[in-house]
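Written below as structure tokens is the structure these notes are about.
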Amino acid sequence: MADKAQEASGIYFPFPFPPYSIQKDFMAQLYQVLEAGKIGIFESPTGTGKSLSLICGALSWLRDFEQKKQQEEARLLESGAAPLGGGKDPPFPSSSCEEPSPTPRPAGELDWVTQFVQKKEERDLVERLKEEQIRRRKREERLQQIRHNVHLKYAAKRLRREEEETESLLRLSREILAAGAGATPLECWEEELVLEEYESDEENRTASGVDADEEDLEEEHVTKIYYCSRTHSQLAQFVHEVQKSPFGKETRLVSLGSRQNLCVNEDVRKLGSVQLINDRCMEIQRSKHEKNRAEEDKPKRRRQDTPAACPFYNHAQMELLRDEILVEVKDVEQLVALGQEARACPYYGSRFAIPAAQLVVLPYPMLLHAATRQAAGIRLQGQVVVIDEAHNLIDTITGIHSAEVSGAQLCQAHSQLLQYMERYGKRLKAKNLMYIKQILYLLEKFVAVLGGNIKQNPNTQNLSQTGTELKTINDFLFQSQVDNINLFKVQRYCEKSLISRKLFGFTERYGVVLPSTREQPKLSGFQHFLQSLQPGAAEAPAAPAEEGPAQAPRPASPLMHIEGFLAALTTANQDGRVILSRQGSLSQSSLKFLLLNPAVHFAQVVKECRAVVIAGGTMQPVSDFREQLLACAGVDAERVVEFSCGHVIPPDNILPLVICSGPSSQQLEFTYQKRELPQLMDETGRILYNLCNVVPGGVVCFFPSYEYQRQVHAHWDKSGLLARLAIRKKIFQEPKRANQVEQVLMAYSKCITSCGQAGGTVTGALLLSVVGGKMSEGINFSDDLGRCVVMVGMPYPNIKSPELQEKMAYLDQILPRTKPGQAPAGKTLVENLCMKAVNQSIGRAIRHQKDFASIVLLDQRYARPHTLAKLPAWIRDRVEVKATFGPAFAALRKFHREKSSP
């Protein structure tokens, strides 16, 4: 490992090898952004070591920040008082949160009163600093003991085994007592399904199932960095980079994930669906809390058995797991293995580790969704957030906060809830009945606004009116005649009462179906009751036996989806729209909420955080981030810093070409009206044939859509061009099914490798791909896998889409033109969406320092100055525009001949 690399600014960045100059610039700029508390938009092409630069730059700042903080604390403790009021420097905050400013004094207050209050505040601050030092010292000592003393682990394992044996004996005793008391499985089920009395002002119980015992584990949150990315595989790759970095041994890192990724209880994991896993986990935690309260309040009353609590949910075990997480950097898979070994829940154990962690690694939705963030115990006040792979950040926020429900789901939820109310109506409190009736009314009106009848089977209802209709939120509520219902209270009720989980359990056990077959629930319920009497059925009534080894995950309750739609309807009227899609039958029709202003959800992040870094390999064009996300979130332009570094490859290792016409002088303009012309498809084929004759290895050709790729392929097959292409390159097509992508990629790679070794007329392979498809993001076509990337046309989105049209109109309204001749914001949005897709696709090549490739843009519209300006800088600076094909082909032949020669 190389020594520390010194920057001109005097900042030292530990690095595992001598960094490139662009990495030094990246880390120095990142350090300054974090130090000044700004919003940074960072672009670093793939192959430039972006992840490592983020790690070393951000953790170097955190290291220096903690050192300064401890020095300031020591100075304040040594002086015995903080310099409030008359000191030269403000007191250093004792935690990640900013300290409140001194309480304003009323005018005319006596001096001695002011001095007394000031001294009290000084003493309180010193006491907080002392307490924090004690906590920090205890934490460090505990982690050192675990790191160096393996006897503690073995002792803990022995304790866990003893606790499991004791719990097993107690569970057996309870089952014997329950059997002796005559409690039947059906009675246990009924008690579990009935809603409790709802108290709207009850705040001591949260939906996550965390009680007062867990609050004892809460620590003061230290200053930390939240790093998030799109997928768990990208997060795991980032964690491995941290492990290899100079900070890998000393950083307290915790990897967060969903229950689906972290749960180690097989009975819960086998449910499959994320929503079902979440609800089952909350159910067994809730059962534990209810049982504890019942044992304390009513010890003499006979009770029905509640579902057994999760054996992995044990505070002592999770405390040990929390410490072991902080001792050594671990990814999600290692965390799950550790949880299985320790018999402790990794989901909750990782959450308990958040306060003391220095680096928290988590997926997008957990950070960008406020309710999920709160449930996970994530506090952003005064912290640093790094959002990697952020080129689709706006779409991600929009997708997280959008919701869609079908007519079939509305009818199913209404039928289930109505039959639930009929069965348990006499046992429910008045407030529960009131809210259930309100939900039923909402469902009935939502079906009516689609043109259906809630009392009929949606599969047999044909709608007289078809098409798509777009409404504002208020107009939709008025048209649906539900504007008199407080949706905020209904949403709160759904969250607190867990009605969707109760309804799902009711449906699972009594087989509720649609109104057209109302006689079936009785028979199905009777069959379930008979099954409950079979041996072993009472052991786990909430989890019916699987009917085969390949049973598909059970679908979640339709009411769960509808709750998300109701929550979306509480958005401000100007920030969203409701799309009514009528598709002939009611079951296929749907209601969709479209979020127009993602900044409303991102505003809290940028407001609370000390600094935010938005990073990616290809961030151009960045105007969307500035205007749609940051400006609309209230961020001043002065707070935003842009940084784009070059590539590590030599400038002559890339040849980007814009070709305006083909070999037969056919103008290349793949507009929607012209691209299906036979002469244009023929010209495209001739260009590819010439490229395949001079480009070694692999050629990746991107088309605007799957349909156009199919049309072109069929036309080439008919004209005989495919046969001619196959003489030089074996042809592969991108599959539509995701599970076939790996198979095609392996065959593509194997073909290129074998052709390079065997020689002959076939020199490689041609892969026909689609922009925005499986191959356009996250796939590395390095070295011979991608010696040439061809972009056929410009992949503009469907301008006739109601969602896109509404988004364009919304941006035209809130982002008026400020300069003469400036394009409207809606038109700019369409162009930016197109160029973002292009940049992602052509970025599949050039993956490391010694790689080389040519990039061919087949459309004369790429030659427009404002279009070229939206390419990444490292490509834009090297682009050559060729009006005719001859000079372009000569340049390509020369480039690949020189690069391929030994």
Side-chain angles (χ1 to χ4, degrees), residues 390-405 466-473 475-476 565 568 571-583 589-602 618-629 631-632 670-675 702-708 770-773 776-777 791 793-817 822-841 859 861 864 866-867 870:
H391 57 273
N392 60 351
L393 177 60
I394 295 176
D395 294 337
T396 300
I397 299 175
T398 301
I400 290 173
H401 296 91
S402 296
E404 183 174 12
V405 292
T466 60
T468 301
E469 189 178 359
L470 196 141
K471 298 281 186 181
T472 65
I473 298 176
D475 289 344
F476 171 75
F565 182 71
T571 305
N573 184 60
Q574 69 274 13
D575 292 334
R577 297 291 184 269
V578 179
I579 302 174
L580 288 73
S581 178
R582 302 181 179 93
Q583 301 297 329
S589 302
S590 65
L591 299 174
K592 181 178 180 180
F593 174 80
L594 173 66
L595 179 68
L596 296 178
N597 183 17
V600 71
H601 296 285
F602 196 64
T618 303
M619 299 296 291
Q620 292 292 336
V622 299
S623 58
D624 286 352
F625 298 100
R626 277 187 168 272
E627 297 172 1
Q628 296 183 40
L629 205 58
C632 292
F670 294 84
T671 61
Y672 189 76
Q673 295 78 13
K674 297 180 181 180
R675 68 185 186 182
F702 286 99
F703 291 87
S705 66
Y706 283 102
E707 177 60 23
Y708 187 58
V770 177
V771 176
S776 62
E777 289 190 36
M791 179 65 60
M794 300 187 69
Y796 282 106
N798 182 11
I799 196 67
K800 296 182 180 180
S801 165
E803 293 94 333
L804 182 58
Q805 289 183 348
E806 191 64 23
K807 182 74 172 181
M808 292 170 61
Y810 173 79
L811 293 177
D812 288 340
Q813 179 182 358
I814 66 169
L815 298 174
R817 285 177 278 188
Q822 181 181 2
K827 183 179 179 181
T828 302
L829 169 68
V830 174
E831 293 179 350
N832 288 351
L833 290 175
C834 170
M835 293 308 297
K836 281 182 182 295
V838 169
N839 292 337
Q840 283 299 312
S841 298
D859 200 307
R861 292 175 293 175
R864 298 176 300 193
H866 69 276
T867 301
K870 295 178 180 179

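Heavy-atom basis, side chains included; hydrogens, waters and symmetry copies ignored.
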- Would you please test Y796 and T671 for side chain to side chain contact (heavy atoms under 4.5 Å, CB included) and show each step? CA-CA 9 Å; Y796 282 106; T671 61; over 6 Å; no
- Task: Any chance you could lay out the side chain to side chain contact (heavy atoms under 4.5 Å, CB included) test for T571 and N597, step after step, and finish with the verdict?
- Result: CA-CA 10 Å; T571 305; N597 183 17; over 6 Å; no
- Query: CD/Q840 to NE2/H391 distance, rounded to the nearest 0.5 angstrom?
  - Reply: 3.5 Å
- Message: Name the residue from Q628, E627, R626, Q620 that meets the side chain to side chain contact (heavy atoms under 4.5 Å, CB included) definition with D624.
- Response: Q628
- Query: Is it the case that Q583 and S581 place a side-chain donor and acceptor less than 3.5 Å from each other?
  - Reply: yes
- Query: Does any donor atom in the side chain of E707 or S705 lie under 3.5 Å from an acceptor atom in the other side chain?
  - Reply: no
- Residue pair L470 / I579: nearest heavy atoms and the distance that separates them: CD1-CG1, 4.0 Å
- Determine the interplanar angle of the H401 and H601 rings, folded into 0 to 90°, and report it as parallel if under 30°, tilted if 30 to 60°, perpendicular if over 60°. parallel
- Could you pull out the closest heavy-atom pair between C632 and I814, with the gap in Å? SG-CD1, 3.9 Å
- Listed by chain and number, what are the salt bridge (charged side-chain N to carboxylate O under 4.0 Å, His left out) partners of R675, not counting sequence neighbours? none
- Message: Whether the side chain of E831 engages the backbone of T867 through a donor-acceptor N/O pair (distance < 3.5 Å, no angle test) should be reported.
- Response: no
- Query: How about K592 and R577: do any of their side-chain heavy atoms sit closer than 4.5 Å?
  - Reply: no
- Message: Determine whether V578 and L594 satisfy the following criterion, side chain to side chain contact (heavy atoms under 4.5 Å, CB included), listing intermediate values before the conclusion.
- Response: CA-CA 6 Å; V578 179; L594 173 66; over 6 Å; no
- Message: Do the side chains of E469 and R582 get close enough for a salt bridge, i.e. N-O under 4.0 angstrom?
- Response: yes
- Note on the structure: Taking every heavy atom of P797 against every heavy atom of C834, the minimum-distance pair comes out as CD-N, 4.5 Å
- Message: Is it the case that the side chain of N839 and the backbone of T618 share a donor-acceptor pair, with hydrogens and angles ignored and the cut-off at 3.5 Å?
- Response: no
- Counting heavy atoms not belonging to Q813, are there more than 12 under 6.0 Å from its CD? no
- Task: Enter the distance from Q574:CD to Y810:OH here, rounded to the nearest 0.5 Å.
- Result: 7.0 Å
- Query: About how many Å separate CG of L595 and CD1 of I400, when rounded to the nearest 0.5 Å?
  - Reply: 10.5 Å
- Considering all heavy atoms, the nearest I473-A572 contact: CD1-O, 3.6 Å
- Query: Would you find a donor on one side and an acceptor on the other, under 3.5 Å apart, between the side chain of S402 and the backbone of G399?
  - Reply: no
- Task: From the options M808, K870, H866, select the one residue that forms a side chain to side chain contact (heavy atoms under 4.5 Å, CB included) with T828.
- Result: K870
- Message: So which atom in F565 and which in F593 form the shortest heavy-atom distance, rounded to 0.1 Å?
- Response: CE1-N, 3.9 Å
- Message: Side chains of T472 and D475 only: does a donor on one sit below 3.5 Å from an acceptor on the other?
- Response: yes
- Message: With rounding to the nearest 0.5 angstrom, report the CG to OG1 distance, L580 to T468.
- Response: 9.0 Å
- Please say which of V838, V771, D859 ends up in a side chain to side chain contact (heavy atoms under 4.5 Å, CB included) with M794. D859
- Within a strict 4.5 Å, meaning less than it, do heavy atoms of the F670 and Y708 side chains meet? yes
- ring-ring contact (aromatic ring centres under 6.0 Å, His included) against F702, all qualifying residues, sequence neighbours excluded: none
- Would you name the heavy atoms of P621 and N832 that are closest together and state the gap between them? CG-OD1, 3.2 Å
- Gap separating the CD1 atom of I397 from the CG atom of L393, nearest 0.5 angstrom: 4.0 Å
- Item | Worked check of side chain to side chain contact (heavy atoms under 4.5 Å, CB included) between D575 and L596 | CA-CA 5 Å; D575 292 334; L596 296 178; 5.8 Å; no
- Task: Could you pull out all residues at least two apart from F625 that satisfy ring-ring contact (aromatic ring centres under 6.0 Å, His included)?
- Result: none
